[in-house]
4 protein chains.
Amino acid sequence: MQTRTPAGRTGRPRSASADAAILAATRQALVELGWSKLTLGDVATRAGVAKTTLYRRWSGKNELVVDAVAELFDELSLPDRGSLAADIEGVVLQFASILARPEARSGLMAVVAEATRDEALRERIRASIVDRQKRLVLAGRSRAEQRGELPPSTDPEESARTVDLIFDMVAGAVVHRTLVSAEPADEAWVRSFTRVLLQGLAAA
Amino acid sequence: MQTRTPAGRTGRPRSASADAAILAATRQALVELGWSKLTLGDVATRAGVAKTTLYRRWSGKNELVVDAVAELFDELSLPDRGSLAADIEGVVLQFASILARPEARSGLMAVVAEATRDEALRERIRASIVDRQKRLVLAGRSRAEQRGELPPSTDPEESARTVDLIFDMVAGAVVHRTLVSAEPADEAWVRSFTRVLLQGLAAA
Amino acid sequence: MQTRTPAGRTGRPRSASADAAILAATRQALVELGWSKLTLGDVATRAGVAKTTLYRRWSGKNELVVDAVAELFDELSLPDRGSLAADIEGVVLQFASILARPEARSGLMAVVAEATRDEALRERIRASIVDRQKRLVLAGRSRAEQRGELPPSTDPEESARTVDLIFDMVAGAVVHRTLVSAEPADEAWVRSFTRVLLQGLAAA
Amino acid sequence: MQTRTPAGRTGRPRSASADAAILAATRQALVELGWSKLTLGDVATRAGVAKTTLYRRWSGKNELVVDAVAELFDELSLPDRGSLAADIEGVVLQFASILARPEARSGLMAVVAEATRDEALRERIRASIVDRQKRLVLAGRSRAEQRGELPPSTDPEESARTVDLIFDMVAGAVVHRTLVSAEPADEAWVRSFTRVLLQGLAAA
DNA sequence: CGCTAAACGAGACGGTACGTCTGGTCTTTAA
DNA sequence: TTAAAGACCAGACGTACCGTCTCGTTTAGCG
């Protein structure tokens, strides 16, 4: 088993492969069982790891699931489709396709629910998932400015507010469509939604 | 404890007050403990009721919480504030204020998370909560048509699609703002959001 | 499953058959595994009972084993073999044959060892096992007095001291012979031992 | 840290002081925790030694405790008090005073209990503790023969049987009095016991 | 002197049992 | 028949030790 250099000096170093195996096992268990029937003992067994090894790295189910789900969103990218509207449609479709995967659906919503009572968990979600993907909004605007589709932003505070609003509207609408209304966020829906969003932003 | 006449004739009748006591106890437990630490035994104790009584009426934790949360949304109404934009701002603010309550936050998100793996639960949520509140969107549009702010709708299918889109955007954005971004959906934010939404709908 | 009337009024009564099944399973596990490898989870499984049922009745491994072992000694009796010496030989042989059983050996010594650090356990052992069997010494003396082999006891305190001494000598010697020296306490040994004991008591 | 020459040739020699530190730490832990709550990790920590060092020298908890307890009995000696009876009283009192120490009580009984299911451990106990102390019985008889209190022994086999019987009676009675009856083996008790034992042996 | 090889401390590893808690069911007496 | 009470089975929880294993680090004797 491969190892990595630990912070401290002495003692057997932690296995690096164990982390990856545990996160992969967590996602697999989310697919098969969902969040509420996922048990850490089962995850450990699937990962070929002892329960103690799992608890040595994560303090509980919520933290583990956040990390397992966060990795899923790293595959998001901003494809260059020629126009701002098309770029946004593209990334919204990618987001919808991730949310269509069962490990993302039940994992993400469950930790968000738990986070309503746990400030530390909320912060962990924001750091690992939300803020991490705001890069997409920023990249989209910067590319649109280069194309001349948008004027260069002047007021940075106003700009940040707009980024947050866009993010809440995009993520919120896709999540609600997918998970609550339980309808697919397909191309037609994404096109309608994107048109409303962009026209509204342009007019406001 | 008061009783009501049951359908059948013989035997001890079911207590009518038990239902209300159980739902109230459930909301109280959601406030204090959150969904994941809420136990049915504890709810029964708080309600002054035996566990068997609880199981006789609800099949499990999820169903109970859905009913307990659904009652919260019945207080939503569409105030007449003079214009479509103002009406929408009003109802969005009401929605945000409900979501600010802890029993709604953790209860709602948790059952939505569970529903990702449970078709029957998803249907129950849609019936008890979502579809039940679409009346607000319909009432808003009908009032706007009467005021002449909107032309009368012609294509009923197109109309239903628009209602769904509005609902996903409103509910999704408020939920994401409140629970994920963990920022308050205050008047300023609601005004910005409403403007983008209405302008976008008008242009599209 | 049979039940017995509980102290309280309401609620499902405890299963009486569970007690017997658990004690029997404990003895079986002592035979197969010994004290240190006996686990309460395994005992529960053998008894066809949930762990909670076991913990509801006994507070831990030691208390359970004391009760399981105590039952073994209830089969001791004082056979009438015609003379004091022969009676004593008989009961010592019975005692040795119980100690030859593996469930008695490892169970008894282990709880005695634990009792060195646990006053409550020591008291439980004395009440359940030791004092309970002093009846044999008393019965033996009373029968010997009736036969005229011993004069009637006069000083009750002196008499109690003698009973204790006899008990310590008999039980101690048999236990040490059987468990420490690991030699069988067979008829020859018992005869030698009994002769020394009785002659010594007679002379002193 | 001091070292002793090992059997092999090369490599770092084992630390001699580690053995003593470990045995002392074991006895200390027996006093504070008793056998069942004594853990090898804790003993290693107390001794200022790594767990691996401990396992390099002893194969497990039982072997370690046997060695730790065996050292306690090496301080037994046969004082010359002028007569056989007095000599025996003296050594029985010494034995009782060792058994009054908590590290001896819980340690000794626990390993005896374990030994009921472990032939190798039983042999180790007999070699390290029991047979090692039979020297006291032999020394006592030889001194009594020199004094003329006893005739010289003729039949060696008969003689060995008697030594074993004496040992079982003495050790058994003191252990039972101390650990099971939980009464002190004080001078008065020892005198009563010794009188019965010697008179019995003399008569038989 | 440096080389070699075993012993050292530290601590992570896969396991196993702990004693507790919860979920959902069942069995009693009382209303 | 329903209610309250509480025992029941099943199984997950998070912790503690077990005995083993890998590290990097001494520390002796031999060349």
Side-chain angles (χ1 to χ4, degrees), chain A residues 1 3 5-6 8-15 18 37-42 44-45 47-57 59-61, chain B residues 1 3 6-15 18 36-42 44-45 48-57 59-61, chain C residues 1 3 5-6 8-15 18 37-42 44-45 48-57 59-61, chain D residues 1 3-15 18 37-42 44-45 48-57 59-61:
Chain A
M1 191 178 273
T3 57
T5 311
R9 223 151 321 283
T10 64
R12 177 173 174 174
R14 289 193 177 174
S15 159
K37 295 192 178 172
L38 176 152
T39 70
L40 296 195
D42 178 57
T45 302
V49 144
K51 252 199 307 178
T52 42
T53 299
L54 204 157
Y55 277 104
R56 214 173 277 122
R57 291 163 158 84
S59 61
K61 187 166 161 174
Chain B
M1 191 177 273
T3 56
R9 218 152 320 280
T10 65
R12 177 170 173 173
R14 285 195 178 177
S15 159
S36 65
K37 295 191 178 173
L38 175 153
T39 70
L40 297 192
D42 180 56
T45 302
V49 142
K51 260 201 301 180
T52 36
T53 301
L54 204 157
Y55 277 105
R56 217 173 274 123
R57 292 161 156 85
S59 63
K61 185 167 165 174
Chain C
M1 192 177 273
T3 56
T5 310
R9 221 151 323 284
T10 64
R12 177 174 173 173
R14 291 194 178 174
S15 160
K37 295 192 177 171
L38 176 152
T39 70
L40 297 193
D42 179 57
T45 302
V49 144
K51 256 199 303 179
T52 39
T53 299
L54 202 156
Y55 277 104
R56 212 173 280 121
R57 291 161 158 83
S59 63
K61 188 165 161 174
Chain D
M1 191 178 272
T3 57
R4 64 181 171 189
T5 310
R9 222 152 322 282
T10 65
R12 177 175 174 173
R14 289 193 178 174
S15 159
K37 294 192 178 172
L38 176 152
T39 70
L40 296 194
D42 179 55
T45 302
V49 143
K51 259 200 302 179
T52 37
T53 299
L54 203 157
Y55 277 105
R56 217 173 275 123
R57 290 161 159 85
S59 64
K61 186 166 162 174

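The sequence lines fix the lettering, A, B, ..., with proteins before strands; numbering per chain opens at 1.
The CZ atom of C/Arg14 sits 10 Å away from the C1' atom of F/dG6 (whole-angstrom rounding). As a whole-Å value, the separation of D/Leu54 CG from E/dA10 C1' is 15 Å. Atom-to-atom, NZ of D/Lys37 to P of E/dC18 comes out at 14 Å; the value is rounded to the nearest Å. In this structure, CZ of B/Arg57 is placed 17 Å from C1' of E/dG24, rounded to the nearest angstrom.
Annotation: the span from D/Thr52 atom OG1 to D/Arg57 atom CZ amounts to 10.0 Å, rounded to 0.5 Å. Considering CG of A/Leu54 and NZ of A/Lys61, their distance stands at 12.0 Å, rounded to 0.5 Å.
Residues D/Leu40 and D/Gly60 approach most closely at CD1-C, 4.3 Å, considering heavy atoms. Among all heavy-atom pairs drawn from B/Ala50 and B/Ala44, the shortest one is C-CB, 4.1 Å.
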Scoring nucleotides 10-15 of chain F by protein non-hydrogen atoms under 4.0 Å (B base, S sugar-phosphate only, - none) yields B-BSBB
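Of the side-chain N and O atoms in A/Thr10, none sit less than 4.0 angstrom from OP1 or OP2 of F/dC23. Contact between the side-chain N/O atoms of C/Arg56 and the OP1/OP2 oxygens of E/dG19 is not found at any separation under 4.0 Å.
B/Ser36 is linked by a side-chain hydrogen bond (donor to acceptor under 3.5 Å, both in side chains) to A/Glu114, counting only residues two or more places apart in sequence or in another chain.
Helix-axis bend for the helix from E/dC1-F/dG31 to E/dA31-F/dT1: the local axis fitted to the five terminal pairs at one end deviates from that at the other end by 10°, rounded to 10°.
C/Arg12 contributes no side-chain N or O that forms a donor-acceptor pair with the base of F/dC8 under 3.5 Å.
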